[in-house]
Amino acid sequence: MLKKFFGIERHVKEVKVFWTKENFLKESLKVERMKLHQKKIVPVIIWDFGGQDIFYSTHQTFLTYRAIYLIVLNGSRTLDDPCPLEQYLPGKSGHKTARDYLKFWINTIVTYCKGSGAGFPKIIIVLTHKDKVKAVDVELKRQQLFLDIEKMFSGSTLLSHLVIKDQIFVNAKNARDPEMAKIKKIITEQAFQQPTWGQELPRCFIPLEVEFDSLVSRNIPLITMEHMRKINSLQPVRPLTEDEMKVFLTFQHSIGRILYFEESKLDTYIILAPTHLIDAFKSIVTDRRFCAGDRLRQESWDLMSTKGVIGKKSIEDIWKEKKYKKFQDHKEYLLGVMTHLDILVEPKRYDRAHSRITSDFYYVASMVRTSDTTDYLRSSTFGQRNIGIALCPSSSLIPPALSFRFIGYCLSMFALKSYGQKNEEMLFHRSAVFNIDPCLDMLVNCDDEIIIIRLVHAENRTLIIRDLPSSIIECLAVALEKISQLYVKTSSKGDHASTGSFRHAFCCSSSDNPCLLQITQFQELDNSWICPKHRIEHTKDMLSSWIVEKEDIKCGLACPVTDEEFLEQIPADIHLLRLSMQYTVNETKELANHLGMQYSTWERLYMTFSEEPERLNFETLRKCLDVYNITFNDIRKAAESASIQNPHTICKVVREKLIDFDHEPEKWDMEPTEEHFDRLAPLVGNNSLAFLVELGMEFQTWEQIRFKQSERDLVKLNRDILQEWKTFCNINIIRPSLRHIGQAFNNIGKNIKIVEHLLADFF
Ligand code: GDP
Ligand code: MG
């Protein structure tokens with residue numbers, strides 16, 4: 001208020017902490033006197049979620065495994081009465097009923113919040129509108145509805161999540177309804193049953209939590225990390241170390257009290273009132289109903305729902321309005337968070353030199369309502385031009401939020417295709433078509449139970465280059481796992497390991513009700529698969545392009561390990577690097593031992609590099625080379641006497657097929673642009689480390705790049721490698737050219753044509 005009086009700008013120079021040491025002690029004494037600590041008060045954070053479909057993409061940010069859920073239904077209607085408000089619901093067209101919504105929400109909650117123990121989280125079901133039912137009918141209605149609900153889930157594990165025993169039926173407009181008190185009682189009981197109940201937390205968290213509450217009550221929804229450090233340094237119990245503070249923040253995030261993203265650039269702020277972010281979301285991503293009377297927002301809404309785009313200027317204008325002014329201050333950050341959550345996606349745009357440029361709009365995949373009315377899928381040759389693969393979730397349905405985020409991810413990695421009479425971008429409701437190269441498109445289609453990815457060639461599917469489908473699907477599968485685990489990983493187990501929640505299956509070339517072929521069935525195929533519904537023939541060879549086949553090097557009479565002259569050579573670093581990726585840590589230890597290395601030497605190396613297995617292997621081999629001047633023959637003998645793999649492993653590290661770059665040298669001499677990098681990154685697939693090595697860089701670089709990545713994102717990782725390589729070239733005075741990249745692709749066992757083809761439209 002003083003600031004307002006004196007017209008002081010909103011710039012905080014000094015941060016005063018409400019909870020000083022004295023203050024804290026005084027309050028603790030008060031607590032002591034009142035015996036409050038014996039009363040065991042538990043603060044409860046309550047969230048009210050909007051059920052509108054438009055919020056599907058934001059909800060899961062706020063669903064947590066530590067919560068108790070309430071689903072509220074109008075009890076004056078039956079489960080099968082059509083609901084008055086029409087909205088989109090996955091897996092259901094036409095009229096929607098309470099039954100449909102119930103199924104959807106219970107599924108969504110359980111999908112996003114698994115990991116906290118069987119039967120958790122608990123979902124309490126509450127009926128309302130008791131006053132709309134004749135008093136004499138209330139009991140009957142109550143019995144009937146709860147019986148229906150129970151029947152609906154009988155035999156399913158979902159039933160174990162439901163809290164329906166008390167059959168709550170209230171008049172929500174009457175605060176004194178005795179059943180309202182019952183709801184409170186059930187929530188309390190359920191809280192005691194939570195797996196996390198009674199979990200001990202550090203006492204030094206308390207003053208920070210209290211300080212957060214105090215800031216929120218003073219209308220400060222968001223603070224900087226600097227501010228956080230200040231609060232921490234002044235806290236009365238004991239300031240947390242930087243690492244502890246991260247744990248504290250991550251924990252607070254996981255219970256839904258604050259929002260804190262450990263992503264570079266985003267970790268500079270902490271959102272103390274998550275509603276602030278929701279409000280920011282809602283000012284952009286919202287139901288049209290909520291735009292009524294607001295021309296600006298209605299216009300941008302209509303554009304979003306048809307084209308899936310919103311101008312950056314539009315957001316700026318919306319946020320200029322009085323109601324949304326509060327978002328102006330931290331505009332960059334809030335937009336950054338929305339981009340991080342793939343709610344907004346920066347389109348890929350390049351200038352004439354193929355360098356990345358920012359564009360003036362975002363994609364908002366979750367807002368697109370239009371479906372594909374072009375003839376793209378209906379083309380008579382479509383079936384002969386595409387190959388498809390399906391990703392099926394292990395749980396029953398794909399939450400729409402996941403589809404939107406997946407499409408969002410693809411939008412951030414590939415360029416949308418323009419097509420049709422108006423040459424419009426092909427972004428539709430839960431589907432999109434991307435340009436991979438001039439002759440190849442990628443079609444992504446997210447249904448409720450299946451995600452189908454197709455590669456569509458301009459001429460014929462047999463012309464799709466080998467190795468390309470497998471690389472792309474590797475990247476997409478990793479991304480999909482990451483997205484589906486984004487919120488699950490905060491569960492009690494802290495299990496980061498990928499559990500593989502999506503199964504792969506081959507998909508036939510028909511876009512109409514496609515047939516699937518399971519991987520196990522594929523292995524039994526002789527040479528082709530004729531799909532049952534459409535009788536389309538798919539050769540085994542063509543299908544196999546989706547799977548990586550480790551090329552079996554055929555070593556025979558004339559291979560390197562049998563060549564005396566070769567065996568006398570001393571391995572170069574590149575050979576040792578490659579070898580380090582072939583052997584396990586244990587194998588390398590044994591090998592080194594047989595090459596004469598003392599155990600204590602290896603142990604010292606282990607102490608230093610135990611976190612980086614490949615590096616450890618390399619340093620071990622390197623040491624052997626430096627000390628004993630070993631040749632390939634020494635390695636062969638050591639491997640043989642330690643019975644490690646077979647000697648032909650050595651052949652793998654020296655077999656470089658040299659490529660003939662001579663027929664189009666000017667093309668290969670080109671310096672790669674940012675657009676090249678963006679297009680090449682998905683094609684490296686799951687071979688990042690080997691790729692880095694083949695580009696001439698070292699394992700240290702790998703660690704540095706990976707360290708910067710908090711999430712597993714192959715495309716980003718591969719792009720960072722390429723980017724880093726450019727710096728590496730500068731330092732080492734190498735002129736980076738596509739030749740290097742082509743050779744590296746070739747050396748990691750990928751078809752060089754991938755690169756060639758991809759770059760075709762640049763010439
Ligand atoms: P939400 O959309 O699920 O958040 O529902 P609201 O809480 O906004 O309620 C929607 C409308 O239903 C409001 O007009 C409420 O007054 C009304 N309403 C909610 N519960 C009851 C109830 O038990 N009885 C009656 N008569 N009206 C109710
Ligand atoms: Mg409401």
Side-chain angles (χ1 to χ4, degrees), residues 44-63 67-90 92 95-109 112 121-146 148-149 162-164 166-187 256 273-279 281-283 285-293 301 323 366 399-401:
V44 177
I45 306 165
I46 300 175
W47 290 99
D48 179 11
F49 289 95
Q52 288 83 7
D53 54 2
I54 219 81
F55 301 132
Y56 291 165
S57 66
T58 55
H59 275 338
Q60 84 284 16
T61 318
F62 308 100
L63 297 180
I68 297 167
Y69 293 86
L70 268 88
I71 295 182
V72 184
L73 297 173
N74 183 337
S76 71
R77 297 193 270 125
T78 75
L79 286 189
D80 296 306
D81 287 337
C83 289
L85 282 173
E86 268 309 316
Q87 51 180 303
Y88 161 75
L89 190 69
K92 185 84 191 178
H95 284 306
K96 281 90 176 175
T97 63
R99 189 186 290 279
D100 300 325
Y101 285 107
L102 197 59
K103 202 152 109 198
F104 169 73
W105 279 111
I106 292 177
N107 250 312
T108 303
I109 293 168
Y112 282 124
K122 289 295 177 205
I123 303 169
I124 304 171
I125 295 183
V126 173
L127 304 181
T128 59
H129 293 75
K130 187 162 67 177
D131 52 310
K132 294 281 176 207
V133 176
K134 277 200 227 112
V136 288
D137 296 334
V138 167
E139 287 316 305
L140 191 68
K141 189 88 191 154
R142 183 200 305 269
Q143 299 284 337
Q144 188 56 52
L145 273 169
F146 278 102
D148 283 351
I149 293 170
L162 303 188
V163 181
I164 44 178
D166 288 280
Q167 307 197 325
I168 302 290
F169 194 0
V170 295
N171 168 6
K173 294 179 112 173
N174 174 12
R176 292 209 195 82
D177 183 323
E179 292 195 59
M180 287 292 208
K182 236 172 158 184
I183 298 180
K184 209 155 143 189
K185 196 184 111 248
I186 297 173
I187 294 177
T275 39
H276 188 68
L277 182 67
I278 302 180
D279 291 343
F281 280 166
K282 287 209 296 193
S283 69
V285 179
T286 190
D287 199 281
R288 195 170 196 278
R289 259 175 286 161
F290 301 135
C291 305
W301 197 95
K323 208 159 88 187
S366 61

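Just follow the structure's listing: the first ligand is 1, and inside any ligand the first atom is 1. Computed from a predicted structure; not experimentally measured.
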Novice: Just jot down the ligand 1 atoms closer than 4.0 angstrom to any heavy atom of A172, in number order.
Specialist: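 By the 4.0 Å cutoff, the relevant atoms are 20 (N), 21 (C), 22 (C), 23 (O).
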Novice: By number and element, which atoms of ligand 1 are closer than 4.0 Å to a non-hydrogen atom of K132?
Specialist: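 This gives 26 (N) as the contact atoms.
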Novice: Is T97 reaching over with its side chain to a backbone N or O of D100, donor-acceptor style, under 3.5 angstrom?
Specialist: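 Between the backbone of D100 and the side chain of T97 there is a qualifying donor-acceptor contact (under 3.5 Å).
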Novice: Any Lys/Arg nitrogen of K184 or E179 sitting under 4.0 Å from an Asp/Glu carboxylate oxygen of the other?
Specialist: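 No, K184 and E179 are not salt-bridged.
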Novice: Would you call V72 a ligand 1 contact, heavy-atom distance under 4.0 Å?
Specialist: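 V72: no contact with ligand 1 (<4.0 Å).
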Novice: Quick one: which ligand 1 atoms are inside 4.0 Å of a heavy atom on N171?
Specialist: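 That gives atoms 22 (C), 23 (O), 24 (N) of ligand 1.
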Novice: Do any nitrogen or oxygen atoms of T128 come within less than 3.5 Å of a nitrogen or oxygen of ligand 1?
Specialist: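 No, there is no polar N/O contact under 3.5 Å.
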Novice: When you look at NZ of K103, are more than 12 heavy atoms from neighbouring residues, nucleotides or ligands closer to it than 6.0 Å?
Specialist: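 No, the 6.0 Å shell around NZ holds no more than 12 heavy atoms from other groups.
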Novice: Just to check, does V170 reach to within less than 4.0 Å of ligand 1 when the distance is taken from its heavy atoms?
Specialist: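 Checking ligand 1 against V170, which is what was asked, there is a heavy-atom contact under 4.0 Å.
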Novice: Closer than 3.5 angstrom, by distance alone: can the side chain of D81 be matched with the main-chain N or O of T78 as a donor-acceptor pair?
Specialist: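 Yes: the side chain of D81 pairs with the backbone of T78.
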Novice: Does this structure show an ion pair linking K130 with D177, if we count only N-O contacts that are shorter than 4.0 Å?
Specialist: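 Salt bridge present between K130 and D177.
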